[in-house]
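In listed order, ligands and their atoms are each counted from 1. FYI, the numbering just counts along the sequence from 1.
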Amino acid sequence: MIRNNMKAIIFGITGQDGSHLADLLLAKGYKVVGVARRSSVDNTQRVKHLLGVDGFELVSGDITDCHSITSILRENDDVNEVYNLAAQSHVAVSFKQPGLTWDATAKGCMNILQSLVDLGMISTRFYQASSSEMFGKEFDTTEVPVDLVAPFDGPSSEILKYQNEDTKFLPQSPYAIAKCAAHYMTRLFREGYGLHASAGILFNHEGPRRGEDFVTRKITKWIGEFVRWVDGKENIITGDQDSIQSLDPIDRFPKLRLGNLEAFRDWGYAGDYVEAMWMMLQQDSPDDYVICTGKTHTIRKLLDVAFSHVGIKDWSEYVVQDPEFYRPAEVDYLRGDNQKAKSVLGWEPKHSFEDLVKMMVESDTDDVK
Ligand code: NAP
Ligand code: GDD
């Protein structure tokens with residue numbers, strides 16, 4: 001469906017989701033204004049392919065600066081949809097930089113909402129990037145029947161944990177607390193000012209454009225570099241506790257250093273999830289939706305699947321668990337229930353966990369024979 005007369009602003013255009021959403025909206029015929037903050041090095045890597053494309057404009061702005069938001073909105077007061085994807089989005093970093101995280105992730109959202117109201121742009125639709133991190137330690141449970149295998153001596157049902165739109169929030173990090181504040185602010189502006197403001201409570205979503213310090217990409221990027229290092233070498237021996245060694249003792253490759261491998265995450269593909277964002281803003285009424293796959297895996301399982309794509313069955317010799325990558329508080333279990341998104345939006349994920357990991361490993365190894 002082509003929408004030639006539609007215009008959207010994306011805050012957070014230079015991030016993983018911003019770039020996928022821009023691709024989607026431009027393909028639908030939207031004009032897209034992407035807001036990027038000033039950086040001393042080039043931060044437009046993920047939207048390079050869009051620079052100079054008809055209908056795409058990059059403007060400079062920072063969501064912690066009300067003046068910059070107001071002037072961008074004022075200059076684009078014909079905008080139909082505003083997507084707030086901008087945030088300090090790394091959970092571990094939020095423990096080290098809680099003030100900055102609060103300013104960008106919580107206050108930034110309020111700055112945009114308040115500017116929309118102050119400028120009288122009440123008919124502009126608004127999307128807030130909420131997060132499954134907001135659930136933190138909390139989950140609900142459901143009892144599901146188990147297909148019994150003869151001799152029928154096991155339990156006939158099992159208890160499954162999940163989170164959906166009715167699960168309460170019990171945030172476990174400065175990031176998650178900031179996201180809760182932004183989420184409640186979005187609801188307040190919806191109810192208080194009648195703004196068409198929706199929040200997508202998105203579970204982890206990844207892909208080849210994922211930031212290199214999130215666990216999926218950290219693993220697939222390491223695999224890519226390792227495979228490149230190994231390429232053409234005759235023999236690899238174990239090395240020491242920090243590195244892998246070839247027959248030449250000074251030719252070493254650092255092991256992959258990770259933190260907690262036991263946490264469960266519901267991982268999906270970012271390209272699928274930005275469609276759900278757009279669908280939310282096409283509804284007659286604004287609302288909140290959980291977006292997820294409904295399947296969950298540990299980081300150990302992720303390592304199994306990722307390493308198996310390059311023919312390594314036992315990754316334990318290549319991975320070191322390092323206390324530096326543990327967090328002061330952890331979210332142990334995330335598995336979403338996407339029934340509402342399926343039934344109201346007609347959205348469902350198109351890529352499985354296995355497809356996702358394969359796509360990421362292939363992308364990070366694509367120049368290796
Ligand atoms: P990301 O790759 O980290 O992108 C974040 C974006 O926000 C980047 O463009 C970043 O700009 C921008 N930004 C940060 N501070 C800013 C500021 N003060 N002013 C303007 N822009 C600023 O995150 P993502 O994975 O695309 O996620 C998009 C949004 O969804 C985030 O709000 C995230 O918290 C949320 N979310 C993500 C997931 C997930 O699994 N990916 C799940 C749930 C919710 P720079 O490029 O200059 O740093
Ligand atoms: N980043 C990272 N690095 N995580 C590690 C590492 C490591 O070396 N080792 C283990 N982990 C574990 C973390 O402790 C966490 O349990 C899990 O891997 C996932 O970590 P991340 O990939 O950093 O993602 P996240 O779940 O903390 O947060 C992401 O998803 C949220 C939605 O649930 C981010 O994209 C957030 O912005 C998003 O809101």
Among protein heavy atoms, which lies nearest [atom], and at what distance?
atom: atom 1 (N) of ligand 2; result: Asp213 O, 2.9 Å
atom: atom 18 (N) of ligand 1; result: Asp62 OD1, 2.8 Å
atom: atom 26 (O) of ligand 1; result: Asp17 N, 2.8 Å
atom: atom 46 (O) of ligand 1; result: Thr14 OG1, 2.6 Å

Identify, by atom number and element, the atoms of ligand 1 in contact range of [X], meaning under 4.0 Å from any of its heavy atoms.
X: Tyr175; value: 33 (C), 34 (O), 35 (C), 36 (N), 44 (C)
X: Ala129; value: 29 (C), 30 (O), 32 (O), 35 (C)
X: Gly12; value: 6 (C), 7 (O), 9 (O)
X: Gly15; value: 2 (O), 4 (O), 8 (C), 9 (O), 26 (O)
X: Ser130; value: 43 (C), 44 (C)

**Study point:** Sub-4.0 Å atoms of ligand 2 with respect to non-hydrogen atoms of Ser132
**Key:**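 It comes down to these atoms of ligand 2: 32 (C), 33 (O).
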
**Study point:** For Leu334, the ligand 2 atoms whose distance to one of its heavy atoms is below 4.0 Å
**Key:** 33 (O)

Review point. Does at least one non-hydrogen atom of Tyr175 fall below 4.0 angstrom from an atom of ligand 2?
Key: yes

Point to revise | From the candidates Ala86, Ser94, Ser19, the one that places a heavy atom nearest atom 12 (C) of ligand 1 | key: Ala86

Review point. Are any of the N or O atoms of Trp267 closer than 3.5 Å to those of ligand 2?
Key: no

Check your understanding: Can you list every salt bridge (charged side-chain N to carboxylate O under 4.0 Å, His left out) pair that touches residues 287-314, not counting sequence neighbours?
Key ->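 Listed once each, the pairs are Arg190-Asp288, Glu262-Arg300, Asp287-Lys340.
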
Point to revise | Cation over ring face, Lys218 and Phe325, 6.0 Å, 45° | key: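 Yes; both conditions hold, so Lys218 lies above the ring face of Phe325.
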
Exercise for review: Report yes if some N/O of Leu202 lies less than 3.5 Å from some N/O of ligand 1; otherwise report no.
Suggested key: no

Exercise for review: May I ask you to check if ligand 1 and His205 share an N or O to N or O distance below 3.5 Å?
Suggested key: yes

Exercise for review: State which residue, out of Val82, Asn84, Ile10, Leu85, fulfils the side chain to side chain contact (heavy atoms under 4.5 Å, CB included) condition with Tyr127.
Suggested key: Leu85

Review point. With a 4.0 Å heavy-atom cut-off (strictly under), which part of Arg210 contacts ligand 2: side chain, backbone, both or neither?
Key: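 The answer is the side chain of Arg210.
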
